[in-house]
Amino acid sequence: TGIERIQCDKCGAGTYRSESDVSCVPCIGNTFSEVGAAACASCPAGSVTNTDKTQCDKCPEGQYRDSSVNKCAPCPENTISDQTGLILVHHVTRGLCLTLTRL
């Protein structure tokens with residue numbers, strides 16, 4: 001008798017299947033995956049996962065995300081992000097807030 005081979009379909013983007021999983025498992029929290037992933041990856045600070053859990057999107061201007069929250073939030077009072085202006089000393093990357101400095 002021969003051994004029957006079973007071909008498994010790859011999991012779609014936004015899901016994963018590890019060696020111990022029987023079926024595809026959705027990514028949770030602020031994680032995402034590509035087609036055929038064995039695990040979901042975390043979005044870096046300054047970005048959040050899209051609704052389909054297929055990629056990370058940078059937070060819009062005036063908002064930020066650090067590792068303690070799963071969504072973009074407005075920058076705290078007296079801070080700003082990704083804008084240059086009269087009271088901003090440096091240009092900062094999107095998704096990170098910088099304390100304002102009065103000139």
Side-chain angles (χ1 to χ4, degrees):
T1 66
I3 297 174
E4 184 179 343
R5 293 182 184 226
I6 299 172
Q7 181 176 346
C8 295
D9 292 330
K10 290 182 178 180
C11 290
T15 65
Y16 72 97
R17 180 175 33 234
S18 68
E19 290 183 16
S20 63
D21 293 315
V22 176
S23 60
C24 298
V25 178
C27 294
I28 60 170
N30 205 36
T31 63
F32 71 101
S33 73
E34 296 178 353
V35 173
C40 295
S42 296
C43 290
S47 64
V48 293
T49 187
N50 64 354
T51 305
D52 298 332
K53 305 287 188 181
T54 58
Q55 68 182 27
C56 297
D57 297 324
K58 290 184 178 180
C59 291
E61 291 180 8
Q63 295 188 10
Y64 78 104
R65 185 195 76 82
D66 62 28
S67 59
S68 66
V69 294
N70 286 328
K71 62 182 181 178
C72 295
C75 288
E77 188 174 345
N78 296 321
T79 66
I80 196 165
S81 74
D82 206 25
Q83 298 177 16
T84 56
L86 296 176
I87 58 174
L88 185 61
V89 175
H90 314 293
H91 177 77
V92 293
T93 58
R94 180 180 288 183
L96 301 175
C97 299
L98 179 71
T99 302
L100 295 176
T101 304
R102 303 267 177 217
L103 295 178

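All values derive from a computational prediction rather than experimental measurement. Numbering starts at 1 and runs along the sequence shown.
- Ile28 and Thr31 make their closest contact through O-OG1, 2.5 Å (heavy atoms, listed as atom of the first residue, atom of the second, distance).
- Residues forming a side-chain hydrogen bond (donor to acceptor under 3.5 Å, both in side chains) with Thr54 (at least two apart in sequence, or on another chain): Asn50.
- Under the side chain to side chain contact (heavy atoms under 4.5 Å, CB included) criterion, Pro26 pairs with no residue at all, not counting sequence neighbours.
- The heavy-atom pair separating Lys10 from Gly36 by the smallest distance is CB-CA, 4.0 Å.
- Every side-chain hydrogen bond (donor to acceptor under 3.5 Å, both in side chains) that Gln55 has, sequence neighbours left out, goes to Asp57.
- Between the side chain of Ser33 and the backbone N or O of Gly14, at least one donor-acceptor pair lies under 3.5 Å.
- Residues satisfying the side chain to side chain contact (heavy atoms under 4.5 Å, CB included) criterion with Thr49, sequence neighbours excluded, are Asn30, Phe32, Cys43, Lys53.
- Grouped by direct or indirect side-chain proximity (heavy atoms under 4.5 Å, Ile/Leu/Val/Met/Phe/Trp/Tyr only), Tyr16 sits with Val25.
- The side-chain hydrogen bond (donor to acceptor under 3.5 Å, both in side chains) check on Ser18 picks up Ser20, Asp21, with sequence neighbours excluded.
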